[in-house]
Structure formats: C-alpha cells, structure tokens
> 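Got a structure for you, questions after.
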Amino acid sequence: MAEISMQYQSDDLMLNSTSDGLSVEDQSRESNEDSDILRGFMNVLCSLSPGDPKLSKCLRVLFELITNKYRETEDIRDLEAALIFGVAGAEAAPSDHPDLPEHFQALSFYFTEKYNRAGHLESLEDALKYDLAAVAATPEGHPDLPTRHRGLAISYTDKYKRTGDVDSLELALKYNLLAVDATPEEDPGLSDLHQSLAVLYTYRYRRTGDLGDLEAALQYNLKVISVTPDEDPRLPGRQNNLAVSYNERYKRTGNVEDLEEALNYSLAAVSVTPEGHPRAPGLHQSLSVFYTEKYGRIGDLEDLEAGLKHSLLAISAIPEGHPMLPELQHNLSATYTKRYRRLGDIKDLEAAIEYDLAAVNATPEGHPALPEHLHGLAISYRIRYRKTGNLDDLEGALNCNLKAVANTPDSHPDLPEQYHGLAVSHIDKYRRFGDLQDLEQAIKYDLTAVAATPEGHPTLPSLHENLAISYVDRYQRNGDLQDLQTAINYTLTAIAATPYGHPQLSHLHHNLAVSYDDRFKRTGSQTDLEDGFKYFLLAVAETPQGHYNLPERQQNLATSYLHRYRQMGNLQDLKDALKYHLAAVTATPEGHPELPIRHINLALSYRDWYKRTGDIQHLEEALKYNLAAIDATPEGHHELYHMHDHLATSYDERYKRTGNLQDMENAIKYRLVAVDGTPEDHSDFPALLNNLAASYISRYRRIGNLEDLEAALKNNLACIAITPEDHANMAGWYQNLAVPYTERYIRTGDLQDLEAALKYHLAAVEGTPDGHTNLPERHTSLATSYTEKYRRTDDITALQNALHYRLAALSATPEGHPDLPVRYQDLAVTYSDMYIRTGLLRDLETALKYDLLAVNTTPTGHPDLPGRHQTLAISYDYRYRSTGSLQDLADALKYRLEVVAAVPEGHPQFAVAQRALAESYVEKYKTDKDLQALQSAQQLYRVALGCKIATPQDLWGISISFMKNTEYFESSDVLYVCSTALDVLPSLLWLGSSIRNRHETLLRNEVPNFISTAVTIALQASEIQLAAEFFEQGLSTTHRQNLQLKHEPVNLKDKFPSQSERLHHISSLLQNSNHESSDLNVNYNLLAHERQQIIKEIRKHHGFEKFLLPPRYSNLCFAAQNGPVVMLNYTGAQTDVIIIVSPSASPCHLPLADVSGSVIQRQVETLRSALKKLNIRSRNKQPSSDAGTVKEDEFRDAQHSLHSVNVWLWVSVVKPVFLLLEKHGITGGRLWWCPSGPFTYLPLHAAAPQKKSTFIQSYIPTLDTLIQANLKQKSMVNGNNVLAAIGVSQTLVESGIWPEIPSVKDELDNVTKLFGDKVQQLQGSEASVTRVLEAMQSTSWLHLACHGEQDSQDPLNSGLILYQEKLNLGKILEIDLPKAKLVYLSACETAMGDGRLTNEAMHLAGGFLTAGFQGAIGTLWSMPDMDGPKVAERVYKTILGEDGVPDVRMAAEGLHGAIQSLRNARAQPYRWMPFIHFGI
C-alpha cells in the first residue's frame, strides 16, 4: 500500500509517497539465519564457479539474508552489500527463471530504499529498470502483474518527484490504473491500489491545478476509508491521507469545513496509533501541519502551539540518522518560524535556523529533498536578516536560493517556488543596497516562476502576487506608473483566481490596497485613495481577531485613514488612524521584529494630532514611540536609518514648537546618521538627502550660518541629481530645492536665486497632476515665489500670479482640512500686498476676512497661531492707518501682545515679534500720548536689536522701523539704534553676493536714506565726530569692501602668518564674486562665511580687536592732513556740511538751511536739461551753434542754465564753506570734497568765481580712500615711473554711436614727448582689453584717450570703449594694482556715477581708485575733443615738474591750472566744468 506523509515548506503542504507494499517488507520475515549461517553461505559462494546452476540461488539467498539484517540495523553499508549480491544473482540466473520477476521486484524496492537514503539518481534509475524488467517478465493475466504494475508506478512516481518529468507522472498513473483494472473488487489489495491512485491524482493536481484531479484523489481516499475496518492497522495512514486531500481542497477553496475535516481525520489517525509505532512520527507531523494551517486561518495561538507540540513529538520519535529526520527537522523549523513571526522571540528564530541547518546538513548532495531544505534555510536566514540587518544572513539566504534552483530540474513542479525564493532574496538585497540590477533579477525570476506555472494552478495567484510586489518595488525606484499599473493588474488577476472566502483573499486585498495607495501618493487621485481605503478595510474585516497578520493590516488601514485625513481634513479619519495604529502596536508583542515600524507609524499619527491640535503632549508621544523604535532595532540593521530619520522629524517638530536648539541639533544628528548608514544607490537615499536639507534649513533660519544654507542646497541638488527625471518624487524634490534658493535670495538679495526658486516651484507644479493631494501646497509655494518677485521687482503680474495660485490652493483644500488655516493666512498676505499696491480698501477688507478665518480655524495652543495673530494684527494696523479707527489699533495691539507672549526668546521670530509690538505701542502713543506705551516701545526695540539669533535683514528692518519715529525717542536711543544698524551693514551687504546684488540691497533696504538720517541725528545731538563716522560708513560701501579684500595690515602677516595667509587666499577668491567672471565651481557664499569666521578669530588677538571694523574719527581725521575735507550730507529735508579742518582741530558742522531736497533736485534737473540741450555725450561732439548740431536759442539757454547752477552752488554751498574755512585761517591750498546724494552729480569744484577759486579742489569717494592713498605714497616714493599711453580714435564696438576722435593721436604724442622713453603706447587696434590690462599691471601711470560710457541701467557695465570691445567697470574692480599712481581718463562720463547709487562712486574714476590708483582724473560729462590734448599736456607738465620725476600729488594742481587756463581763455563753462580730480 502507499502511505502519505507530510512535508511542510514555506506555508505549502507536499505529499511524499513511499512504498511499503512489497513482499519482503509486508511479510516482515524473521531471519533464522545467524551470522554463522551467513558466513556458511559465503563459503559456499566462494566454492562455486561461474556457470554453476547453484550460483544464482546462492547469491539471491545472500541478498535476502543481508536485506533482513539491514532492516534490523538500518546500516546503509548492509543495504549496499545486499544490492551487490542481488544484482549479481539476477545476472547469474537464466532469463526464464520463474523466480526472476519477484527478484527484480525486490531489487527495485531496495534500490528505491537506497535512493531515499542517499538521493542518488542512479539508484532511482536502477529501481525503475528492475521494475520494468519485472513487468516485462510477468505474463499477462499473471496474478502478480497488478502488484508489479503498482511497483512500476511507484518508481515512476519517485522519478517524477525527483525530476518533475510530467511523462513519468502520467506513466505512474497509467500503471496504477492498469493495476486497479486487473484487480478484482473483492481483492483486499484493491484498497492499496486506490490509495496509491489518490496519491498520484494529488500530485497531478499540484502540477496542473486541475480541480478534477483533486476531487478524484479525495474520492479515492474516501473509498479507501470506507472499506478499511477500524481494527485494520492501515487505517491511521489512510485517515492521514484523506486528511491531506481535505487540506488540499481547503487551500484551494478556502472552505474552513475542509480544514476541520482534515484535522478530525488526522487526530483520529494519531489517536489510534500507539507511541513508538513507525508511522507515529509522520502522523504527528501531518497533524502539526494541519494545526499550523488552522492557525494561519484563525490566528489562534493555541493552534500554533499544538502544531509545534506535534512537530516536536514527531522529531522525538525518530532516531538520529533516520532518513525521515531531515524532513521532520525542516518542518519543525517552519513551525518555529511561524511562532517567531507571531511573538517575535528571537529564540524561536534561532531554533528554526538550527533545525534548517540540521536538515540541510543531513541531506546529501543530489537528494530530491535538498532544494526544499535549502529553500527553508533561505527563508530562515532571510527572516533573521530582516530582524538584525546582518549581511551574512542576506548572503546566506541568496546562496541557499541559488543552490536550491541549481538542484531543481527544469521541469520540476517546485521550480517556480524556488525561482520565487531567489527573487525574494534579490529583492532584499536591492532594498539594502539599492542596486537596480538586483531588482531586475527579482522581476526576471518572478516572471520565470509565473511562466512555468500552468493556468488554473492553485499556486498561480500567489506567484502573480509575488510578481506584483516586485513591480511595486521597481515603481518606487524609478517612478514609472506603468510598473505600478502592472502590479495592480497582477494583483487583480490573483484576486480573480481566488475563491470567495479563501484565506489568501485578505492578503491579496491588502496588497491591492497598498498599490492603490502608492498610486494615490503619485497622482493624488481621490479614486485611488478611496479604492485603497476600501481594500484595506476589506482586508482587516476578512482577518480574524488574533490573527498574526491583523496588526500589519490594521497598521496599513491606519495609514490609509491618515492619508484621507491629510487629503480631506476629516478629524474622524485622524481618530481612526490613531485607533488602528494603537491596535497594531498593542497586538504586537515586545521583541517582535515588526514592532519598531509599528512604533514609527504610531508616532506619525501622534505627530498629525499635534499638528492639528497643537497639543505638545501628542508630540511627546510621537518622540516616545520614535525612540522606542530605535531601542528595539539592533545596531547595523538595514532599517535603522529609517528609524533615525523619523526620530529626526519629531525632534525637528519639537524644535519648531519650543525653539530648543538641542532638538534641532538632534534632528540634524539623526538625519546624518540616516544618510551615512544608507548606500548612495539605495532607493531611499534621495529622500534622506531631502530631509537632511530641510533640517539644515531649520538650523540656518535659527542661527543664520550660511554653511547650513549651502549644505541644504548641496543636499537638495544631490537629491535631484540621483533621481530619474520622471520619478514620482521629482516634483516634490523640485519644490524642496526651491526652498534654499529662496532663503539665499532673502539673505543675499541675489535675483538669480529668486529666479531659480521660481523655476523649481513652477517645475513642481507642472509635475503634479490635477487633483493631486500635494498640488495645493505646491501652488502655495509657487505663490510665495511670485510674491517675493513682486516685492523685488514691483511687477504687478507677479502679484496677480501669486493671488491666482493662492486661490487655486484654497479652492482645492476641503473644509476642515488641517492646511486650511495656512491657506487663509497666505491669501490674507497676498490681499494685503494688493491693498498696498492699489490702495483699494476692499482688498484690505478681504485680507482681514481671511486673517480672521485663519485665526478662528487654528486651535488654541497651536504652534502656528502666533504667526496668524501677527498677520491679523498687520491687517488691523493697515486699516487703522487707512481709516484712523482706534478699535483697529487696539485689536492690532491685542494680537501682537499675544504673539510676544507666545514666542519665547530664542525663537526665530522673537525679534520680529518684539518689533511689531513696538510699532503698535508707538502708534498708541501717537494717539493718546501714553508715556507707558512709548517706554514699552523703547524697551521692545532694544530687546529686538539685542536678539542674538536675529538675521541681518531682521535687525536692519527693526532699525528702519525705529528710525521712522525718531522724534519720539531720546537722541541716545536713536544713536544706539544707528550704531547697531551700521554694525549690521557688512552682513547685509554680503560679500558672497555679486556687486550688482549688493547694490540692489543698498537700494532695497534704503541704506543711503538711513545713513543720511543717522548723520543728521548725530549732528542734532552735537555728536559731530560720530556723524562723520556714520557718514563714512555710508559712502562707497562696495568699493570699501573690495579694498578690504585687496589689502590687509602688514602687522597681521608678521604676527599671525597662518591666519593672514588664509584670509588673503579667501579674499583673493572673493574678488571674483561678480557676474562677469565668477567661477561657477566656487561657492562664494561659503567663502564669505569662512572669511567672516577668520576675521572673528583675528579680533580675539590682542591689538586686533578692531580689525577691519569701520574706522573711528580718531583715524578718519587724518584724511585732512594735507588740507580740509568737506563732507556734504543730504536728506530730503536738509543739508549739513561736516568739515574736518585738520587732524588736530575739532570738526565743524555747517547746516545749510536753505539747501532743501526740492531745491537741490531743481538744480540737478537744470544741469541735466542743459547737458541734454548741448548734446555733448560723445567726446568729439561740439555743442557750438556753428556746428549746426545745437540750435542757437537752445545753446544760449543751456549756457544760462549752467551759469545759474554754478551761481547757486557758489552762493548756497561752496561760499559758506569757504567762509567757514577762512575763519579757521584757511584761504587756499588743497581741499577735498566728499559729497553724498545728488551732490555727487553737481560740479562743486567749478562753482567758485575765477577770482575766488583759490583752492585746488579734488574729490574722494570716502575718507579712508584718501588716508590709504597717503599711506601708499609714503611707501612708494621711488616706484615705477613708466606711463601707459592708450588711445583709440576709432572703434569697432557696435553697442553705440562712437564718432572718430581726431585729437587722440595729438594727445598721445604730447604725453609721449613729456614722458620720453618711459612710455608704453598702445593705439588703435593695439588697444585690446587684454593688452590694456597687461599694460596697467606693468606701469604706474595710465593715460586713456578714448570714448567713455556711463550705463545708467547697469553701472558695472559702464566702461571705456577700446578698439574692439569695452573695458567695463566690473572688470576694473577685479584688478589689484598696488604700484599704480595716477590714471588720466581723457574720455567722456568717466566720473558721472549712477543716479540711483549716488553714494557708491559707481563710475570709472572710482573703479580705478578701488583697483589701486592713488589718483584719477576724469569727467562728469562729455568733454570737447579739442580740449583733451591741452588739458593733458598742462597736467603732465605739472606732474613732471622741473626735475622730470613725476609726482602724483601734483596732478590736482596741474588740472587746476589747466582749468584756469581755459577760464582765462574765456572758454564756455561746459568745456572746463566737467574735468575733476579724485584722490591724493
């Protein structure tokens, strides 16, 4: 008969048929021969010669004697010896010997026994060979033929089980059916044949999935049971086989009644089998499998414990070395694995691995059970890897899977399962290392497994589902939606093939829900969200309470509730999310491998609760569970990075609430741990970089360290670089990349950063499908960028775009959504901007409406409530200023008080909150003269300015706010604010930005107005020296920065050479931080930050405490060592003059009461009008009426206008200065003008009537410029005296109309004659930018005769028109010329400057001073070509003097003489007025 025992492998039951129906085993003959008889037969055998008729008989008897001994000893050596004699006996017998068929059958049986012991295929082939011989030697109708047919069927069955050859299975069925057909109904052996037939139908069902085969097997088993008496010893085995059939049908249909039947028959089999019976281990094992199957369905731990108990009983009943032992060890391992998965006790997992290893080690190479045992060991290694993250286990699993596949024949029915196991190992490896090749291998093997499985096969749904999981992984890697759709299709196919009520259905529904959820995250489709939610609910409903899979399904259902809440804002969804997350954690025992991830997900729910309610206790709960997740995860585990990243998020949230710096540091620490512990090609690596960037941004916003901002940008860019363009997360990465660009724009004012932010925000929106859950947020971010652009450019279109996207975000956000308050708040801000732009009160009312909605929908205690109170207060403040409503003022004050109360010191918004409240108190004082309110405002301003973490922009804004109300505060307070603000100015004008951006920052932040106001206030307080210091700090700020980059004190290099070298190197690099020549590979922001840190270090040294700080008056006064310096400070209301008479005298203050802003502007406009009428922009244009270029009446008007401007300047400005100097005994000599504002445009030097013009007048952009020039002169008395004379009379430059300049050659010839052989001359085509720059480097004196141009739109583009190109101001500012002395710019508009940046000396003469020249001669506007040679000749004659040694200090005197000559010759004012001298 055929006995069916159970094998358990990877949640699958398999039959193993062994034959026990042959006569040798059935009769269980007792051998009477002892060892002496055996030796006697051996002696007889030795005496027989080949061919002796007794030889065959003797050999066959020996075969029978030794096999009897083998059955007693189970020593395989006895079996091998018996087979040697048996084969020899068969070969020695005549072919027609009547006993030969029976002997063949016996040989087959023992070869099968040998095969079962050793697994060698040769033994199986021998068994089959002798079975075929036995059948062939048995005539038709012989009574033993059915038995021999059945023996042959068993051998074919074994071959099928080994090779998977379906033909062998069909032959087994054929011969079994022949045996049945030839056996009479009344034959007692018929039931054995029916039993064997049931086994074969079961195998074919497992191969083809044909339910008819399974029903046939069940019917034959039922038939066998029906004819087996209760006392029959075969009954337990037959009950067990019937149980197997019922279990197979349960697994196919999910009908739990079949499982109960299986358990009942298995229990019956065990109950009637005495302990010690040879069948007992197999029966216990089968019962273990059925209990485990029931546990898988119901989840009752008692069933699992029963399964483990019977598996242990099976093992305990088998001696060491028994051939059945590896199979039982293998099955016991699977049961321990089940319990580990339920309870998480690592001891169970270690036991599983121990038994798996024992099973593999006890199974010889080539044995048919080896692949299954290897597969089981791979599963155990894989589970331990997922628990510990130990890479050895990952490699062990992969190696076992590879070996299992290699040992499984191509057509074997188990091959698909082995391929899937290999696929899973590749998936695990991919998830650890992120190597896409592993993922592709996984998909390949899963596809192979599916292709090798026939349609309708019961394992096909499971294989389809496995394939779906691989496609989901690939989708998550590359973002290809087609992969996700393929996964959904395979899962739907699996569901369609699975009967209703089947236990696998809940698993399939769960996985389908996961795929829909993934697609929802990508597309934002509400349909996908609801489909996912529906299947999550279904999966949980289909899973019994207590089932080991229930916690995982509850967890994912909770996540789906969370997604619904985030999409719709329904609080009930958030409550349900928390409920199911708590249920999942509660049902997961301590030590369970899935507990950490369930803690993480529970923390997510608590974080969302915190964001909704603002209750910090919920945030503390989130942190608690994040920490618990890490504590439960062993070091080195591959999921630990995930835990650290989530913990960082909770710390980040708590930092935002409390402002505790340690929380922020913890967040960054754990983000870095997560990044460092993740391979760069891992699929999660981009997300980790993105999160790290976000934490760096948080710290930057708190501390203002540019290194953090640059680190954020670097990580965001790296995230983008390693993510495929069409990846699902790319839109989110773009949005996040825009953040550091926006922050850097706010910090540096670099418009390129704002454009980059806008570009990436647009890309994020364009990459997000309509209806996507993230689209409103991305619309909001895009609107923010448009708002910033509007505020920078005043482009109304940008503001309209901002409003459009704010409204789109609001319309897509449902009622009750947690993001709704912030949508209201953002919209309120935009309507406020609209109100400021249009002045329409309806825009302000709309802003107020949304502000109130934002506040009213934000719970009390919420961390965002202070910010919403602040914007509401701003709207009330605007309305108060518009309508004068005192209630609005009271409301603004009320909400700002609440903000200050809620924002602790150390919070990033602390200083801003203090300032806003101060403004409200000032307004209150204005209305009711409440001195307490004014005192409160004063204190708040001081606290705000003293805030250590306030940004330069915030501090400057606070200062501007204060300065608007200076009349209400004591002068000491005002001067304190001015000093504090000016200390911030270098950081505001960030050296890491280009000069253009720094200029924009000056204008945008109203720096010139602030400086002039500060100077005026200091003068009003009689602090003239302080006023001079303020004045100096506000002049040519960018030029002074460039000079600082080029020069450093010599004593620093002597005392601290290392720091000096570092500072010099960084400063040299920073000189290139402008758009023309900046190196894209150099991070100028980080360089500027590093330079700032070095300077802080240097200031710690004794004697260097004031290193590179703005000079004090005690130093500035030395600008007047060679003559008085006159500073003109202009505000819109008045003009003040500060005169430094000499270093030893006290400075003088001369108020010019009649010189108001409107008066000055009229004079400037008169001058501009006159120049326009004279049309003298180009050097060779002659404005005389004879030239026909200017009408005679316009010429007269222009001359009159020039005269009137000069008269006004003399009477109102210059004469009062001269008179004051006269009182100090100064009536002539050198005098330096240091103008500001519109005075930089007026010809102060030309105002005095000729007879009164006793001073040799020069200009300086700053006092320090003159001081440094004097110091330089002392150190280079005998420097290089070579002059570079450069002339371009005709140019090929096409960016304007540049007429020929005929006098250039004469001018250069005159200069050359004077300097003799010390001239390097470049004319015409020789005058390229490159050669001119080289000449500047090699000479000390420079003369340039050519066209010049002042670019009013872009001052840095102002330049000298050379032969083929323009030498622009931006390029000149980069040069460092330490040996340079004088540059003579015989060109137009070389000292005109920029009308917007009047204090910045943004002209060519100023640029050459910054490059290193001690002095410069230029023109305020165009000069007549005919005057160029004459003026130059007079200047150089004076410079060279009688000894021919040039002296740069004589240049101003030479120019003064040349102008006087022109005036003496009665030249028109437009000819001599434009010439001016700068510097020493």
Side-chain angles (χ1 to χ4, degrees), residues 562 566 578 581 585 595-633 635 637 639-678 684-705 707-709 711-712 714-716 719 732 736 739-740 743 818 861-867 902-910 949:
L562 210 54
R566 290 172 180 172
L578 187 60
H581 272 143
V585 166
L595 187 59
I597 194 65
R598 287 168 194 165
H599 279 152
I600 288 291
N601 288 322
L602 180 55
L604 280 172
S605 279
Y606 273 118
R607 271 209 305 271
D608 272 82
W609 263 104
Y610 160 70
K611 289 177 183 178
R612 177 66 177 256
T613 65
D615 184 348
I616 199 167
Q617 188 55 44
H618 289 140
L619 185 54
E620 296 297 339
E621 287 292 306
L623 261 170
K624 179 181 83 173
Y625 284 109
N626 282 133
L627 288 165
I630 287 180
D631 290 342
T633 306
E635 281 298 321
H637 193 282
E639 286 290 337
L640 196 56
Y641 74 88
H642 189 64
M643 313 295 176
H644 282 136
D645 192 55
H646 277 279
L647 177 60
T649 301
S650 289
Y651 274 121
D652 206 35
E653 287 292 340
R654 192 167 72 176
Y655 157 71
K656 291 173 185 175
R657 174 61 178 270
T658 66
N660 186 334
L661 275 170
Q662 189 56 51
D663 284 335
M664 181 172 61
E665 294 301 332
N666 283 337
I668 291 177
K669 178 179 82 172
Y670 287 114
R671 298 275 195 223
L672 285 168
V673 169
V675 168
D676 293 342
T678 307
D684 288 340
F685 193 66
L688 296 175
L689 291 175
N690 177 72
N691 295 343
L692 177 58
S695 288
Y696 277 127
I697 287 290
S698 287
R699 190 165 70 180
Y700 163 73
R701 287 170 175 165
R702 172 65 179 271
I703 297 174
N705 188 336
E707 288 179 342
D708 286 332
L709 181 55
K714 173 186 169 186
N715 282 291
N716 280 130
C719 169
N736 295 334
V739 173
E743 291 292 338
H862 195 283
D864 293 336
L865 188 58
V903 177
E905 188 172 359
H907 192 282
Q909 292 300 308
F910 177 77
I949 65 166

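These numbers come from a predicted model, not from an experiment.
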> In terms of heavy-atom contacts, does CD of Glu905 have more than 12 from other residues, nucleotides or ligands at under 6.0 Å?
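At most 12 heavy atoms, drawn from other residues, nucleotides or ligands, come within 6.0 Å of this atom.
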> Looking only at non-hydrogen atoms, find the nearest pair between Leu692 and Ile668 and report the distance.
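Heavy atoms of Leu692 and Ile668 come nearest at CD1-O, 4.3 Å.
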> Just so I know, are the side chains of Leu578 and Glu621 near enough to count as touching, which here means a heavy-atom distance under 4.5 Å?
no
> Which residues pass the ring-ring contact (aromatic ring centres under 6.0 Å, His included) test with His618, not counting sequence neighbours?
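Scan of His618 (ring-ring contact (aromatic ring centres under 6.0 Å, His included), adjacent residues dropped) gives Trp609.
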> Can you name the ring-ring contact (aromatic ring centres under 6.0 Å, His included) partners of His646, sequence neighbours left out?
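So His646 forms a ring-ring contact (aromatic ring centres under 6.0 Å, His included) with His642.
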> Is any side-chain heavy atom of His862 closer than 4.5 Å to one of Thr613?
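Of all side-chain heavy-atom pairs linking His862 with Thr613, none is under 4.5 Å.
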> So do Thr658 and Ile616 actually touch side chain to side chain, heavy atoms under 4.5 Å?
yes
> Restricting to side-chain hydrogen bond (donor to acceptor under 3.5 Å, both in side chains), what partner residues turn up for Glu620, sequence neighbours left out?
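side-chain hydrogen bond (donor to acceptor under 3.5 Å, both in side chains) list for Glu620, sorted by chain: Arg654.
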> Do Arg702 and Leu661 pass the side chain to side chain contact (heavy atoms under 4.5 Å, CB included) test, and can you show the C-alpha distance, the side-chain angles, and the key distance before you say yes or no?
CA-CA 9 Å; Arg702 172 65 179 271; Leu661 275 170; 3.6 Å; yes
> Rounded to the nearest 0.5 Å, what separation is found between the CD1 atom of Ile630 and the CD atom of Glu639?
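Reported value, rounded in 0.5 Å steps: 12.5 Å.
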> Going by the rule ring-ring contact (aromatic ring centres under 6.0 Å, His included), which residues pair with Tyr641 if we only count those two or more places apart in sequence or in a different chain?
His682
> Quick one: does any side-chain atom of Asn736 pair with a main-chain N or O of Gly732 as donor and acceptor, under 3.5 Å?
yes
> How long is the span from the CG atom in Leu562 to the CG atom in Asn601, to the nearest 0.5 Å?
9.0 Å
> Which heavy atom in Tyr655 sits nearest to a heavy atom in Asn660, and how many Å separate them?
CD1-O, 3.4 Å
> At what distance, to the nearest 0.5 angstrom, does CG of Leu623 lie from OH of Tyr610?
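The CG atom of Leu623 sits 10.5 Å away from the OH atom of Tyr610.
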> Roughly how far, to the nearest 0.5 Å, is the NZ atom of Lys624 from the CG atom of Asp631?
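NZ of Lys624 is found 12.5 Å from CG of Asp631.
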> Calculate, to the nearest 0.5 Å, the distance between atoms NE2 and CG belonging to His644 and Asn691 respectively.
14.5 Å
> Would you say Val673 and Asp645 make side-chain contact, with heavy atoms under 4.5 Å?
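A side-chain contact under 4.5 Å is absent here.
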> Ignoring hydrogens, what is the shortest heavy-atom contact between Arg657 and Gly861? Give both atom names and the distance.
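Here Arg657 and Gly861 meet closest at NH2-O, 3.0 Å.
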> Considering all heavy atoms of both residues, which atom of Ala674 and which atom of Leu688 are nearest to each other, and what is their separation?
O-CD1, 3.7 Å
> Kindly write out the residues that satisfy side-chain hydrogen bond (donor to acceptor under 3.5 Å, both in side chains) with Ser605, not counting sequence neighbours, or none if the list is empty.
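Listed in chain order: His581.
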> Given side chains that start at C-beta, do those of Arg566 and Asp608 come closer than 4.5 Å, heavy atoms only?
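SC-SC contact between Arg566 and Asp608 confirmed.
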> Counting N and O atoms only, with roles assigned by atom type, does the side chain of Arg671 sit under 3.5 Å from a partner on the main chain of Ala693, one being a donor and the other an acceptor?
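No, Arg671 side chain to Ala693 backbone: no donor-acceptor pair under 3.5 Å.
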> Can you measure from CG (Asn705) to OH (Tyr700) and round to the nearest 0.5 angstrom?
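Result: 9.5 Å between the selected atoms.
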> In the structure I gave you, are the side-chain heavy atoms of Asn715 and Asn690 within less than 4.5 Å of one another anywhere?
no
> Applying side chain to side chain contact (heavy atoms under 4.5 Å, CB included), can you list everything that pairs with Ile697, at least two apart in sequence or on another chain?
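Per chain and number, Ile697 pairs via side chain to side chain contact (heavy atoms under 4.5 Å, CB included) with Arg701, Leu709, Ala712, Val739, Pro740, Glu743.
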> Work out which heavy atom in Pro686 is nearest to a heavy atom in Cys719; give both atom names and the distance.
O-SG, 3.3 Å
> Can you check whether Lys669 reaches Leu672 side chain to side chain, under 4.5 Å on heavy atoms?
no
> Classify the ring geometry between Tyr625 and His599 as parallel (under 30°), tilted (30 to 60°) or perpendicular (over 60°).
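The arrangement is tilted - the two ring planes meet at 30° to 60°.
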> Taking all atoms of both residues into account, what is the closest heavy-atom pair of Ile597 and Met643, and its distance?
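Minimum heavy-atom contact is N-CE, 4.1 Å.
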